[in-house]
Protein chains: 2
Amino acid sequence: MSLQSGAASPEANGTPAERPRPVPEATVSRLAVYLRVLGELREAGVETVSSEELAGASGVNSAKLRKDLSYLGSYGVRGVGYDVASLQDRLQGELGMDHRQSVALVGVGNLGHALAGYTGFAGRGFPVSALFDVDDALVGTEINGIRVRHVREIPEVCAADGVTIGMVATPGPAAQAVCDLLVAGGVQSILNFAPVLLAVPDDVEVRKVDLSVELQVLAFHVARRHTGATAVTDKTNESVVS
Amino acid sequence: MSLQSGAASPEANGTPAERPRPVPEATVSRLAVYLRVLGELREAGVETVSSEELAGASGVNSAKLRKDLSYLGSYGVRGVGYDVASLQDRLQGELGMDHRQSVALVGVGNLGHALAGYTGFAGRGFPVSALFDVDDALVGTEINGIRVRHVREIPEVCAADGVTIGMVATPGPAAQAVCDLLVAGGVQSILNFAPVLLAVPDDVEVRKVDLSVELQVLAFHVARRHTGATAVTDKTNESVVS
DNA sequence: TGCTGTGAAAGTCTTCACAGCC
DNA sequence: GGCTGTGAAGACTTTCACAGCA
């Protein structure tokens with residue numbers, strides 16, 4: 001597997017720290033949440049928001065939010081708060097939404113079909129631009145106006161379209177082969193819904209969404225409640241397991 | 001070592017300290033992954049597995065795996081490895097799979113319909129036992145042999161069926177109301193697919209699956225690759241949604 | 001006055017490295 | 001010899017608390 005960490009961090013070039021930008025991984029996923037909330041606020045006509053308000057609407061505490069935003073530089077006004085529109089722009093840039101993103105989805109069976117029809121993606125800047133499946137009964141059909149192609153066309157189409165993100169929604173056994181085709185097409189970011197571990201080159205990033213794992217984590221807590229173990233602390237008023 | 005002295009243990013009820021069990025949250029979701037892999041190994045007839053092998057197949061390193069398993073007690077044999085069957089049993093118990101789990105799904109639109117038909121849930125011990133929607137065109141139809149009921153029946157049905165986990169797959173604006181109904185039905189664990197923050201009582205646990213956030217995290221890394229910044233910190237290439 | 005930005009402290013998670021047992 | 005279980009070190013993340021600015 002490509003799990004072996006390399007040796008020590010090979011980062012030792014002469015470039016001095018230009019700007020403050022070592023955004024922690026944990027922060028990145030929260031930035032995406034803040035961005036969604038900012039969109040809602042803007043929609044509602046709100047022009048300025050305090051860290052307290054934005055944090056509350058995002059399900060985190062305000063200190064964390066301020067720390068998160070501080071990695072992008074200073075965008076708030078002391079005594080006032082943040083300008084909704086400009087913070088939204090800043091986050092969009094940081095999250096790569098100023099580059100054009102185009103998404104390919106492989107596997108339009110049960111789950112894949114739903115993902116293909118999910119309006120939330122396009123609405124948030126991730127239009128699904130290509131669909132693929134192995135099943136000849138599905139190839140040629142259209143979903144949401146997009147024609148389903150055969151998986152063998154993946155490398156060519158992805159390269160031609162400049163697909164930046166691939167979603168794998170095939171059954172487990174097919175996932176690795178599909179993943180290889182995406183990589184062959186130059187895709188460097190993959191969201192994997194299949195319950196298998198994908199092997200990829202080091203320069204390709206994979207995130208995994210495993211719904212059964214989510215359920216099992218919940219089941220664990222159900223079981224714990226029944227096993228007498230008393231409720232675990234709780235300082236936050238709003239508890240969202242992130 | 002973990003718990004500092006000072007304040008006396010607040011746990012002072014009649015129940016004596018049963019077992020050593022402070023399983024960290026981060027460990028729990030990995031246990032679910034190990035459990036899946038163990039199932040595959042058993043299927044394949046493998047009887048014994050080393051931490052190195054199981055870790056490799058799960059996408060983590062072996063030290064982490066051993067540490068994770070150590071929270072459950074000692075189930076391996078030095079010089080040999082772990083017995084697949086008995087470790088599987090142990091994990092199943094720990095993850096609450098010896099209790100009966102029953103899942104209610106609310107919202108059988110686009111995504112919900114797919115989730116209702118997803119065979120992976122039943123196959124992994126989470127049979128979806130009830131479906132709900134507001135749409136009268138859907139109420140009364142059957143998916144996978146289960147009849148869709150009106151959301152107003154949620155509290156009654158959940159209480160009667162002993163539903164332990166609720167899945168919310170409605171559009172955002174409807175999610176909070178649906179959540180309240182689930183809570184009224186006694187559901188204490190909720191998996192939320194709607195892009196909103198759910199407010200719940202302290203004794204109810206919510207986990208959120210936000211697909212747009214996943215895409216945005218990937219987009220961030222796409223953008224970073226283009227911004228020259230070479231790969232940094234990130235050693236793992238397979239990440240589990242948190 | 002009110003709220004941001006941030007060092008420093010506290011807490012959590014991961015990795016190392018090796019003692020101990022088969 | 002081989003592999004588990006685990007203290008201790010290290011890395012990362014969250015929280016605290018307050019200086020500093022509009």
Side-chain angles (χ1 to χ4, degrees), chain A residues 3-9 11 19-31 34 48-56 58-84 86-87 90 232-242, chain B residues 1-7 20 22-31 34 48-56 58-84 86-87 90 232-240 242:
Chain A
L3 271 176
Q4 282 317 89
S5 59
S9 169
E11 174 202 338
R19 304 212 67 242
R21 279 227 293 174
V23 187
E25 201 47 42
T27 291
V28 176
S29 48
R30 286 191 298 266
L31 293 181
Y34 306 151
T48 297
V49 69
S50 71
S51 66
E52 199 72 49
E53 294 163 335
L54 183 51
S58 305
V60 303
N61 74 36
S62 63
K64 184 147 56 180
L65 178 133
R66 289 199 301 278
K67 183 72 99 183
D68 284 343
L69 295 184
S70 78
Y71 294 113
L72 316 183
S74 204
Y75 269 76
V77 181
R78 289 165 198 245
V80 179
Y82 302 88
D83 178 74
V84 171
S86 63
L87 184 55
R90 185 76 185 82
V232 200
T233 65
D234 206 18
K235 313 140 187 261
T236 60
N237 37 12
E238 192 76 26
S239 75
V240 171
V241 176
S242 70
Chain B
M1 98 140 207
S2 47
L3 283 191
Q4 208 30 322
S5 57
V23 187
E25 200 47 41
T27 290
V28 176
S29 48
R30 285 191 299 263
L31 293 180
Y34 306 151
T48 297
V49 68
S50 70
S51 65
E52 199 72 48
E53 294 163 336
L54 183 50
S58 304
V60 303
N61 74 38
S62 63
K64 183 147 58 181
L65 178 132
R66 288 199 302 277
K67 183 71 98 180
D68 284 342
L69 294 183
S70 77
Y71 294 113
L72 316 183
S74 204
Y75 268 76
V77 180
R78 291 166 199 247
V80 178
Y82 302 89
D83 179 74
V84 170
S86 63
L87 184 56
R90 185 78 186 81
V232 212
T233 54
D234 209 24
K235 296 150 191 250
T236 60
N237 59 2
E238 191 80 21
S239 45
V240 177
S242 53

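Note that the structure is a prediction, hence the values are computed from the model and not measured. Note on naming: letters A, B, ... go to the chains in the order of the sequence lines (proteins, then strands), and numbering restarts at 1 for each one.
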**Student:** Nearest to the side chain of B:Arg78, heavy atoms from C-beta on, is which of C:dT14, C:dT4, C:dC21?
**Tutor:** C:dC21
**Student:** Ignoring the backbone of A:Lys64, work out which of D:dG5, D:dT14, D:dG20 is nearest its side chain.
**Tutor:**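 Comparing D:dG5, D:dT14, D:dG20 against the side chain of A:Lys64, the answer is D:dT14.
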**Student:** Check side chain to side chain contact (heavy atoms under 4.5 Å, CB included) between B:Thr27 and all other residues, then give those that pass, not counting sequence neighbours.
**Tutor:** B:Val23, B:Pro24, B:Arg30, B:Leu31, B:Asp68, B:Tyr71
**Student:** Rounded to whole angstrom units, what separation is found between the CG atom of B:Asp83 and the P atom of D:dT4?
**Tutor:** 13 Å
**Student:** Hey, is the side chain of A:Asn61 poking within less than 4.0 Å of OP1 or OP2 on D:dT15, counting only N and O atoms?
**Tutor:** yes
**Student:** Atom OH of B:Tyr75 to atom C1' of C:dC21: distance rounded to whole Å?
**Tutor:** 19 Å
**Student:** What is the distance from CD of A:Glu25 to P of C:dC13, rounded to the nearest Å?
**Tutor:**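 Whole-Å distance recorded here is 17 Å.
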**Student:** List the residues meeting side chain to side chain contact (heavy atoms under 4.5 Å, CB included) with B:Val80, not counting sequence neighbours, and say none if there are none.
**Tutor:** B:Thr48, B:Val77
**Student:** Between C:dA17, C:dT14, C:dG7, spot the one nearest the side chain of A:Lys67, thanks.
**Tutor:**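 Side chain of A:Lys67 sits closest to C:dG7.
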**Student:** On DNA chain D, nearest-nucleotide positions of B:Ser74 versus A:Pro24: which is more 5'?
**Tutor:** B:Ser74
**Student:** D:dC12, OP1 or OP2 - any side-chain N/O from A:Tyr71 closer than 4.0 Å?
**Tutor:**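 False: A:Tyr71 side-chain N/O out of range (4.0 Å or more) of D:dC12 OP1/OP2.
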**Student:** With respect to the phosphate group of D:dC3, does any side-chain polar atom (N or O) of B:Ser51 fall under 4.0 Å of OP1 or OP2?
**Tutor:**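 B:Ser51 to D:dC3 OP1/OP2: no side-chain N or O under 4.0 Å.
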**Student:** Give the rounded distance in Å between these two atoms: CD of B:Glu52 and C1' of C:dC16.
**Tutor:** 14 Å
**Student:** Select one nucleotide: of D:dC16, D:dT4, D:dT14, the one nearest the side-chain heavy atoms of A:Ala63.
**Tutor:** D:dC16
**Student:** Are B:Arg66 and B:Tyr82 close enough that some pair of their side-chain heavy atoms sits under 4.5 Å apart?
**Tutor:** yes
**Student:** What integer distance in Å separates A:Arg30:CZ from D:dT13:P?
**Tutor:**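 Result: 8 Å.
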**Student:** May I have the distance from A:Leu72 (atom CG) to C:dT4 (atom P), rounded to whole angstrom?
**Tutor:** 15 Å
**Student:** If each of A:Arg66 and A:Val80 is mapped to the nucleotide of DNA chain D with the nearest heavy atom, which maps nearer the 5' terminus, i.e. the 5' end?
**Tutor:** A:Arg66
**Student:** Restricting to non-hydrogen atoms, name the atom on B:Ser58 and the atom on B:Leu54 that form the minimum distance, rounded to 0.1 Å.
**Tutor:** OG-O, 2.7 Å
**Student:** Check the distance between C:dC16's C1' and B:Leu65's CG and give it to me in whole angstrom.
**Tutor:**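 Roughly 16 Å, once rounded to whole Å.
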**Student:** Strictly below 4.0 Å: does A:Ser50 bring a side-chain N or O up to OP1 or OP2 of C:dC3?
**Tutor:** no
**Student:** D:dC3 C1' sits how many Å from B:Leu54 CG, rounded?
**Tutor:** 14 Å
**Student:** How close do A:Asn61 and A:Lys64 get, heavy atom to heavy atom, and via which atoms?
**Tutor:**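 Residues A:Asn61 and A:Lys64, closest heavy atoms: OD1-N, 2.9 Å.
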